[in-house]
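The structure appears below as structure tokens.
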There are 2 protein chains.
Amino acid sequence: MTVGVRHDDLRRRNRAMVLSALRTAGQASRTEIAGLTGLSNSTISAISASMIDEGVLLEVKGGENGLARRGRPQVALTLNPELASVVAVMLTLNHLSATMIDYAGDTVDEEIERLATQTMDREALVAAVVGCVRRLVDRQRGEGRRPSRIALAVQGITSSDSSSMLWSPITPQQNTPFAPALAAAFGVPATVENDCNMIAMALKWRDPVRYRDDFFAIMLSDGIGMGLMTKGKLFSGTHSSGGEFGHMIHVPHGALCRCGRRGCIEAYAGNYAVMRNASGGKEDDPPAADFSQAEMQKLADAARAKDGPERRAFVTAGNAIGFGLGSVFALFDPAPVAIVGPGAHAFDILEGPIREAIAQTSGGAHSGAISFEAEPNEMPLITQGCAMTALTRIDDELVAPGAVTAQTLRGRKVA
Amino acid sequence: MTVGVRHDDLRRRNRAMVLSALRTAGQASRTEIAGLTGLSNSTISAISASMIDEGVLLEVKGGENGLARRGRPQVALTLNPELASVVAVMLTLNHLSATMIDYAGDTVDEEIERLATQTMDREALVAAVVGCVRRLVDRQRGEGRRPSRIALAVQGITSSDSSSMLWSPITPQQNTPFAPALAAAFGVPATVENDCNMIAMALKWRDPVRYRDDFFAIMLSDGIGMGLMTKGKLFSGTHSSGGEFGHMIHVPHGALCRCGRRGCIEAYAGNYAVMRNASGGKEDDPPAADFSQAEMQKLADAARAKDGPERRAFVTAGNAIGFGLGSVFALFDPAPVAIVGPGAHAFDILEGPIREAIAQTSGGAHSGAISFEAEPNEMPLITQGCAMTALTRIDDELVAPGAVTAQTLRGRKVA
DNA sequence: AGACTTTTTTCGAGCCTCGAAAAAAATAAT
DNA sequence: ATTATTTTTTTCGAGGCTCGAAAAAAGTCT
């Protein structure tokens, strides 16, 4: 049983709505906000007055648009970038970055690091992440900035309470509790997120026309992941991040996957699988380590040039992805797909086989109508998704309930 | 952008909460309701007073429980069965039933009919459904009862706006708009629902301990369907009912399915597939018509008796279901599974192969921990699910907003 | 019969949203 | 230059809703 709606919830919700409207629109006048939220002008006036008072919102002075209309001019409101900041951390294979983003969503500073994730033990991994964030935070302390929240995106499976990385291809370590470590080190809430989910979040922010309520973000790299937006909300499993597209079964008892099982989609479409198939390897050959982008590029060029094992490997990969999507469409119904990550460089060779496979599944009727888009550069998306996730959490958990003002937050830690 | 929370929404929501609490608990005192909803005693007192006044709720007179405690005795409230009623219609292969259920959820009357669904054209099918409901409604008009809502459950794919049956194995007709026809014939809102979704709804009502927030209901019959509860809410596709488990791909380019495609789970685990495999048919053999329960029973007995083609057919079926569940678990995470429908009679032979297959998938780690339960008799579940769906819609759309009182509803049509 | 206990109702306080009206701040017209 | 017009924003009072405290109600226990 959900708990009843109390009276103060009402104000909290409507404040959250105003914040959300401004976060999407960037800036908007009181009247526009009233239109967006469906609340009355008087209510918006009251809410925005108190939020300006708290230092959450700013009136945009002077920045008038050229066309001067008759009547009292609208005065735009924005989120106060100085109210708070968050750190978005991205941990991928041999790569670590921490980005500080202000409350309005603009990047302030960044710290990047290479590291050998596959050979580090759990403590070293956690220490590296904490250290990277530490350097960023220390550098920004001089500017009077302190993050209010930290979000870490990792490849692999995360727990549904966003506290731990349960499993990841970038390390043999399991159940790594990054969130508590970060929370303890910096005295602020921290979460661990799945990279593909963050990509989906970012796509929704970047291109809300194409990626609105329902879409799939497929990440092609060594592994294969999926971020899934359904009905405007990020889909997640009941215990974990879920959406483990790469480990749906493509061929029962089929090719050996990096996860130790057989027949996963990844075992046909992951980088290592394409490489294995192109080089005449057998399905039982153990998955090799990660390949450079240059190697994959060479393979793709060979596939483009002429028929041969390389092209057949990409066809196999595309088919695996297509049949997998077909099964996903059977469950969720067809929706636009974004192909993200290094594998998107080869999207021109993959698209045909993907569509061919989908056409043989229950989503097939619409296979022509499904929109695909390729975006090879996944890293900025992951970081942006992380930032937005953290910022909207601050909106909902701190700012909307009124727990936070510029005074309580500036330079001080938040419970 | 969702619309802001207005002031009157507050009352509406809290009324809905009280209704939902009573619908789940059957009866409860004001104090108990306050505990369940988290609202204060005074609020519950006010809400229940006005609802009693409207004729929505009844005080249970006299019916005291044996153990008399000290203090003023609690007086239980219930939903007034006379406030309204709904008709739950179930259309399956060659079978049609309409059941009238009162506002408290108890069955009042029923009308059953056999018909040849596969050879009827669209108009005849719609007419049959309307006719069956008509007989029930006419008979009950004498008692002063008029339904406030009609819900129809069908096998197959329904539109996400619940207006039409998009596709169903019980008829060659497509896009049959049952809901508008029923709505026009009886002047009340009508919806078309997927049978497996209704089963999931019913399971949640029947056994809320086992089937709470997350579970899967797999229906085994000629076709294979799935109803899916995630986070306490019925899962549905974005355009259709979704959850087309039976048409996820088990083996690419595999056995011929009733849907005309190849390799669907159904093409290995549907009744016709088991029959085809057991009788030495080939994968390309066109799917035969529906089989009697007796025939399937004989097959199962043969499989139990000794190794042979029959047993192998059931193993194949179980494996297909298991691998499919594995893929579903990869997306949604593992959760309890209910095996419903005629196929559940053979659950004893299927369970082993199902678990064996799951063990080879990413949900495999927990394959032993996943709870399975078999319930061969699906029809009462479908009807109950339909009734509950219709009743909760009345709660939310008519009673909670206060649009309905015993006066406005009794014997008159509702807009 | 009176004390005690628990449930339910009553009452006033405190918020919140809304509509209407007023105020503010600009442009257009005279 | 001044007035009229237009549009945005604020102010103000009305009406609802929930809540806590106190009162009333309806029993059991001694």
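Residue numbering restarts at 1 for every chain, and letters A, B, ... go by the order of the sequence lines. Everything quoted here is computed from the prediction, not taken from an experiment.
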Calculate the interatomic distance between [X] atom [atom1] and [N] atom [atom2]; express it in whole Å.
X      : N       : atom1 : atom2 : answer
N41(A) : dT7(D)  : CG    : C1'   : 11 Å
I44(B) : dT10(C) : CD1   : P     : 16 Å
L39(B) : dT8(C)  : CG    : P     : 15 Å
L57(B) : dT8(C)  : CG    : C1'   : 15 Å
R12(B) : dT18(D) : CZ    : C1'   : 17 Å
E32(B) : dT7(C)  : CD    : P     : 9 Å
E59(B) : dA25(D) : CD    : C1'   : 13 Å

> For F215(B), which residues count as a ring pair (Phe, Tyr, Trp, His ring centres under 6.0 Å) partner, sequence neighbours excluded?
Replying inline: Y211(B)
> Who passes side chain to side chain donor-acceptor pair (under 3.5 Å) against E32(A), sequence neighbours left out?
Replying inline: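 Checked E32(A) against side chain to side chain donor-acceptor pair (under 3.5 Å); zero matches.
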> T230(A): what forms a side chain to side chain donor-acceptor pair (under 3.5 Å) with it, not counting sequence neighbours?
Replying inline: none
>> Does dG20(D) have OP1 or OP2 under 4.0 Å away from a side-chain N or O of S40(B)?
In response: no
> According to a strict under-4.0 Å criterion, is R13(A) in side-chain N/O contact with OP1 or OP2 of dC16(C)?
Replying inline: no
Can you list the residues that meet the side-chain contact (heavy atoms from CB on, under 4.5 Å) rule with [X], with sequence neighbours excluded?
X       : value
R212(A) : none
P208(B) : none
R70(A)  : none
S160(B) : none

> So M17(A) and L36(A), side-chain contact (heavy atoms from CB on, under 4.5 Å) or not? Walk me through it.
Replying inline: CA-CA 9 Å; M17(A) 196 139 289; L36(A) 287 166; over 6 Å; no
>> For the NZ atom on K233(B), are there more than 12 heavy atoms of other groups (residues, nucleotides or ligands in this structure) within a distance under 6.0 Å?
In response: no
> Which letters describe nucleotides 12-17 of chain D, given B = protein heavy atom under 4.0 Å from base, S = only from sugar-phosphate, - = neither?
Replying inline: ---BBB
> Base, sugar-phosphate, or nothing: which does T31(A) touch, judged by heavy atoms less than 4.0 Å apart?
Replying inline: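 Contact class for T31(A): sugar-phosphate only.
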Between N or O atoms, less than 3.5 Å apart, protein on one side and nucleotides 26-30 of chain D on the other: list the pairs.
| unit_1 | atom_1 | unit_2 | atom_2 | d |
| --- | --- | --- | --- | --- |
| dA26(D) | N3 | R72(B) | N | 3.4 |

